[in-house]
Amino acid sequence: MPAFAADDGTELAYHVVGEGEPLLCLPGGPMRASAYLGDLGGLSRHRQLVLLDLRGTGDSAIPADPATYRCDRQVPDVEALRRHLGLEHIDVLAHSAAGDLALLYAAGHPERVRSLTLITARARALGVDFTEEHRREAAALRSAEPWFAATRVSFEAFLAGTATDADWDAIAPYFYGRWDEAAQAHAALDVAQSNDKAGEIYASPGAFEPATTCAAIAALPAPVLLMAGELDSGPRPHVATAIARLFHHAEVAVQPGAGHFPWLDDADHFARTVDAFLA
């Protein structure tokens with residue numbers, strides 16, 4: 001397992017899958033080990049995936065200072081990995097909560113980013129968040145699902161911020177385009193792969209300065225792809241379109257029938273879309 005030292009001395013691990021031009025992949029969660037990304041639906045057939053385990057997750061060490069779990073304080077980790085890999089410029093892919101980390105990295109190191117791929121990604125760093133309205137809008141699309149009625153109480157608890165562990169288990173189907181065996185197995189690993197305490201710190205006060213980041217992102221010369229799932233609530237496709245307008249050069253791809261993990265819902269479609277953008 002390859003590893004490198006962060007600027008504060010924390011040993012961080014990464015995993016390499018596939019061959020070809022490197023693609024630096026940042027996992028979401030927040031603070032979930034990169035193992036859940038798998039090979040991103042076979043994207044590793046086209047690119048060498050460099051999957052970073054964020055500090056305190058997966059095979060990476062726990063930092064001496066828990067405050068360094070905050071998103072903005074992990075930007076130097078991404079830059080340290082770039083230096084470690086010996087790459088002058090990097091293609092960056094980020095999923096979910098890691099969208100914020102990728103945005104902060106691109107804002108701080110625009111000259112190092114060759115392309116930015118944001119997969120069902122958050123953009124709190126730009127002042128955009130997902131609202132209750134967005135969640136209900138996406139949930140309404142699932143009303144014909146066999147599991148829908150049985151999950152409504154848990155879904156309301158989720159919106160109210162009072163969800164128990166059992167409620168989180170119950171609402172897992174909302175995050176997948178198909179609640180099949182593959183999705184259930186993927187969801188079952190969430191708890192074991194996640195550092196919940198670190199996740200609570202990730203977006204804590206002080207992590208984001210949207211006005212400053214928006215100004216930097218508006219001047220980013222690198223092309224940007226925002227991929228949204230048709231059935232996902234974070235972000236809804238129209239929210240991804242609004243985020244795209246904040247960039248100089250960005251495009252939006254909406255994957256039909258996809259939830260929050262589009263590479264699981266239709267691997268071929270996902271890999272083709274991302275590969276075409278990167279090419």
Side-chain angles (χ1 to χ4, degrees), residues 23-43 49 51-52 54 71 91-104 106 115-126 128-131 133-139 141-142 158 168 171-179 182-183 186-187 189-190 193-194 199 202-203 224-244 246-247 250-278:
L23 176 63
L24 176 54
C25 302
L26 303 177
M31 303 305 289
R32 184 173 178 179
S34 66
Y36 83 92
L37 295 172
D39 70 347
L40 287 171
L43 187 58
L49 308 183
L51 304 147
L52 175 63
L54 303 182
C71 183
D91 295 312
V92 179
L93 179 148
H95 175 246
S96 192
D100 289 323
L101 178 55
L103 289 167
L104 293 182
S115 70
L116 184 59
T117 303
L118 300 173
I119 307 300
T120 59
R122 301 199 73 113
R124 290 167 293 189
L126 302 178
V128 180
D129 210 340
F130 312 139
T131 67
E133 180 184 358
H134 299 154
R135 301 295 191 190
R136 291 191 183 281
E137 181 183 313
L141 300 175
R142 317 304 296 275
F158 161 65
W168 278 105
I171 66 172
Y174 288 95
F175 295 93
Y176 297 86
R178 296 190 311 273
W179 189 233
H186 188 265
L189 295 173
D190 185 10
Q193 293 175 337
S194 299
Y202 186 77
V224 180
L225 171 67
L226 293 99
M227 175 175 278
E230 178 189 14
L231 305 177
D232 191 24
S233 64
R236 296 294 299 132
H238 65 83
V239 177
T241 299
I243 295 170
L246 301 176
F247 294 90
E251 59 186 90
V252 177
V254 179
Q255 183 167 314
H260 198 58
F261 305 92
W263 64 90
L264 290 178
D265 297 318
D266 188 337
D268 289 342
H269 186 284
F270 175 84
R272 283 197 311 270
T273 301
V274 176
D275 185 51
F277 167 72
L278 293 174

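Using bins of under 30°, 30° to 60° and over 60° for the plane-to-plane angle, the ring pair His95/Tyr36 lands in the tilted bin. Ring pair Trp179/Tyr176 is tilted by interplanar angle, where 30° to 60° counts as tilted.
For Ala98 against Ala94, the heavy-atom pair with the smallest separation is O-CB, 3.4 Å. Nearest approach of Phe277 to Val224, heavy atoms of both residues: CZ-C, 3.6 Å. Closest approach of Ala125 to Asp100, counting heavy atoms only: N-OD1, 3.0 Å. Minimum heavy-atom separation, Gly177 to Asp265: N-OD1, 2.9 Å.
A 4.5 Å side-chain heavy-atom check between Val128 and Arg122 finds every atom pair outside the cut-off. At a threshold of 4.5 Å between non-hydrogen side-chain atoms, the residues Thr241 and Val254 do not count as touching. Side-chain atoms of Arg272 and His269, non-hydrogen and from C-beta on, do get closer than 4.5 Å to each other. Between Ile119 and Leu40, every side-chain heavy-atom pair lies at or beyond the 4.5 Å cut-off. Between Trp263 and Leu43, the closest side-chain pair of non-hydrogen atoms is not below 4.5 Å. A 4.5 Å side-chain heavy-atom check between Leu54 and Leu101 finds at least one atom pair inside the cut-off.
Note that CZ of Phe270 is 7.5 Å distant from CD of Gln255, once rounded to the nearest 0.5 Å. Here the CG-OG distance, from Leu26 to Ser96, works out to 12.0 Å after rounding to the nearest 0.5 Å. Expressed to the nearest 0.5 Å, how far CG of Leu37 lies from CG of Leu52 amounts to 10.5 Å. Atom-to-atom distance recorded for Asp91:CG and Leu278:CG is 5.5 Å, nearest 0.5 angstrom. To the nearest 0.5 Å, atoms CG (Leu231) and OG1 (Thr120) are separated by 12.5 Å. We find the CZ-CZ distance between Arg178 and Phe261 to be 14.0 Å, quoted to the nearest 0.5 Å.
Across Val92, Leu51, Leu93, a single residue satisfies side-chain contact (heavy atoms from CB on, under 4.5 Å) together with Leu23, and that is Leu93.
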Under 3.5 Å, side-chain donor or acceptor atoms of residues 232-240 against the rest of the protein: list the pairs with distances, not counting sequence neighbours.
{"residue": "Asp232", "atom": "OD1", "partner": "Gly234", "partner atom": "N", "Å": "3.4"}
{"residue": "Asp232", "atom": "OD1", "partner": "His260", "partner atom": "ND1", "Å": "3.4"}
{"residue": "Asp232", "atom": "OD2", "partner": "His260", "partner atom": "ND1", "Å": "2.9"}
{"residue": "Ser233", "atom": "OG", "partner": "Arg135", "partner atom": "NH1", "Å": "2.6"}
{"residue": "Arg236", "atom": "NE", "partner": "Glu137", "partner atom": "OE2", "Å": "3.0"}
{"residue": "Arg236", "atom": "NH1", "partner": "Glu230", "partner atom": "O", "Å": "3.0"}
{"residue": "Arg236", "atom": "NH1", "partner": "Asp232", "partner atom": "O", "Å": "2.7"}
{"residue": "His238", "atom": "NE2", "partner": "Glu137", "partner atom": "OE1", "Å": "3.4"}
{"residue": "His238", "atom": "NE2", "partner": "Glu137", "partner atom": "OE2", "Å": "3.3"}

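Under a 3.5 Å cut-off, the side chain of Tyr202 and the backbone N or O of Gly29 do not form any donor-acceptor pair.
Residues satisfying the side chain to side chain contact (heavy atoms under 4.5 Å, CB included) test with Ser194, not counting sequence neighbours, are Arg32, Asp190, Asp196.
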